[in-house]
Amino acid sequence: MRYSKAFIPTQKEAPKDATTPSHSLLLRAGYARMVGAGIYELLPLGMRVLTRISTIIRDEMDRAGAQEFLMPAIVPAEYFKESGRWDSFGPALFRLKDRKGGEYHLGPTHEELITDLVRREVRSYRQLPLNLYQVQMKYRDEPRPRAGLLRCREFLMKDAYTFDVDEAAATESYGIMREAYKRIFSRLGLDYRIVEADSGAMGGSTSAEFQVLAQNGEDAIVACGSCDYAANVEVAEAHFKETKQTNGKMGAREKVHTPGVHSIGEVISFLGGGLRPESTLKSMIYIVDGKPVMAVVRGDHEVNEVKLARVLDVEEVRLASDKEVKKVTGASVGFAGPVDFDGRLIVDRAVTHVLDAVVGANETDQHYRNVNHGRDFTGDVHDLHLVTEGDGCPKCNDHLRLYRGIEGGHIFILGTHYSAKMGATFVNDGGKSLPVVMGCYGIGVTRLIAAAVEQYNDDDGILWPMAIAPYQVHIAPLGNDGEVAAKSEEVYQALRAAGVDALIDDRKERPGVKFKDADLLGMPIRVTIGKRGLASGEAEVKERNHKDAEAVSFDTLIDHLTALVVKRGGRLLDVS
RNA sequence: CGGGGUGUAGCACAGCCUGGUAGUGCGCAAGCUUUGGGAGCUUGAGGUCGUGGGUUCGAAUCCCGCCACCCCGACCA
């Protein structure tokens, strides 16, 4: 591509609303433009990255035995009404009406449609397993779109669906897709972790998230440094040893006057004496199905509400208001405690190890000292707290480390959640009619563009991984010298003949401008050709992620560059 | 949905408090010079000041409504 003919509108200044590197750089470098909140145009460079990513995805999906097809983005309401999601999806669903008043929505995901297709077309176990996927725009009216392409209301997704005869076969399909996903994310050149995750409203039994590590990721995840354990903090567990505290050491419970002391921090500084947060207990009141539930965690821990909801087997839990807390405990907020609490009590298992804890006394301005689980209160013991950096790995007890991640992919075994409800059945080899067992597998394709930039950027611009860079080599001829231009053109043509995707900056711009734009656009290899190099018969080859350039003779330049492209994970075009 | 903020030239902003015919930088066009890290000088084009109403002799500026966008929270396969 010739830069002079290319549509690459770059900007010197960062757009005022851009908050993350990917947002700012994709706009500045001319990859994308915003149309509305969470709605973007992909410009030619952005489109090339998208194509690179989706090509890798298609390649691996096909290799895994999935077949590409396409469902509509606009969907009649009947399908979501049948599954119940017309209501449960709530305001996140973009709804519309046709001229006759018929109701439709824009597809936020497509389980219902595919299930309908399968119930109409699949009758026998002989037609299974089946694995279908599409790459298509999804629409979700997010409460708050943000960070450019990271959370959009319209976004491109690859979604695959598997159909199997039973749970075992479905698990096998899931395993195949998991391997395909690993290949995809590795080929994209992204640093990622496969983490255990909450299956959420999809209602699946098994699921895993593919989290792209990035400073600005929306998700918090933990990963073990020694073993392969990794999990979203929503579900992450901490190491726990079943050891009992020694009874003999317990002190006698005593009430202490603690005026105006509400938080754990205030308790620590008020009582002093080397009291540490882990020797206190935090008692949170939740309202679940209209009834109060007290969750007790160690003072240095936080309640994991996803875990709490799972323990209670409910969709969601709600923190009680100040008024409700007062009604339930008889004390103002900050003085709740498990001793003599009248109501359901859920206790984090780490609490059972705390000796002589300080807790609220359910009386305003009063706390108890020397409170011990088992003696002063009981309650149901569960894993309840939000895992933190200090926790041990549940598998090997080495230290867990905290990361931020961007959810690039999510795979689920759905089971018969949709097939049973919608009557997608088949006849097995024993002549029995059974619901198909489903799995679904998503990748946020447009999101991955931004995720890659989040992971690979510096002060000057983007540093694309070779596999998804819009062009592999960026040629920068310097000056208006005719010989330089001719030599550069020669190199450009030779690279193209060798199957390398090259961009040549043939604009009449000063060297500084070309260098700045080259750094901003972020192609992995820059080849600088100037008068100086021409005299010595050399071009300057600089990798975007390296500090220093390398002088390479024109005689070996093309071989050098093609080898470098391949070494960095790039593929050469078939030019035969 | 709650709280906060911003809408003025393609981009980033000043002007608003204290009302009086719209400004700066970058970018764009032309000319001369310059040419290995976003050049200098000269000239020029470009704006219904988000939108509707109100106050006023007069509104970018004051008042009210609406819209859009951003941030924090809530929510979110």
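Naming convention: chains lettered A, B, ... in sequence-line order (proteins, then strands); numbering from 1 in each chain. The structure displayed is predicted, hence computed values, not measured ones. Hydrogens, waters and symmetry mates play no part in the numbers below; they use all other heavy atoms, side chains included.
- Within the structure, a side-chain polar atom (N or O) of R144(A) is placed less than 4.0 Å from OP1 or OP2 of C72(B).
- Ring geometry, Y192(A) versus F210(A): the interplanar angle falls under 30°, so the pair is classed parallel (tilted spans 30 to 60°).
- An OP1 or OP2 oxygen of C11(B) is reached within less than 4.0 angstrom by no side-chain nitrogen or oxygen of K12(A).
- Using a 4.0 Å heavy-atom criterion, one finds that E509(A) contacts no nucleic acid atom at all.
- Rounded to an integer number of Å, the gap from M34(A) CE to U6(B) C1' is 12 Å.
- Using a 4.0 Å heavy-atom criterion, one finds that G530(A) contacts the bases of the nucleic acid, with or without backbone contacts as well.
- Rounded to whole Å, the distance from NZ on K16(A) to C1' on G5(B) is 10 Å.
- Between C70(B) and R146(A), no contact under 4.0 Å exists linking OP1 or OP2 to a side-chain N or O.
- Straight-line distance between the P atoms of U24(B) and C63(B): roughly 28 Å, to the nearest whole Å.
- Closest to the L478(A) side chain, of the nucleotides C70(B), C11(B), G36(B), is G36(B).
- By the 30° and 60° cut-offs, the orientation of the rings of F80(A) relative to F89(A) is tilted.
- Rounded to the nearest Å, the gap between the P atom of G37(B) and that of G46(B) is 36 Å.
- Within the 4.0 Å cut-off from OP1 or OP2 of C70(B), not a single side-chain nitrogen or oxygen of T19(A) is found.
- Within 4.0 Å (heavy atoms only), R28(A) reaches at least one base atom of the nucleic acid.
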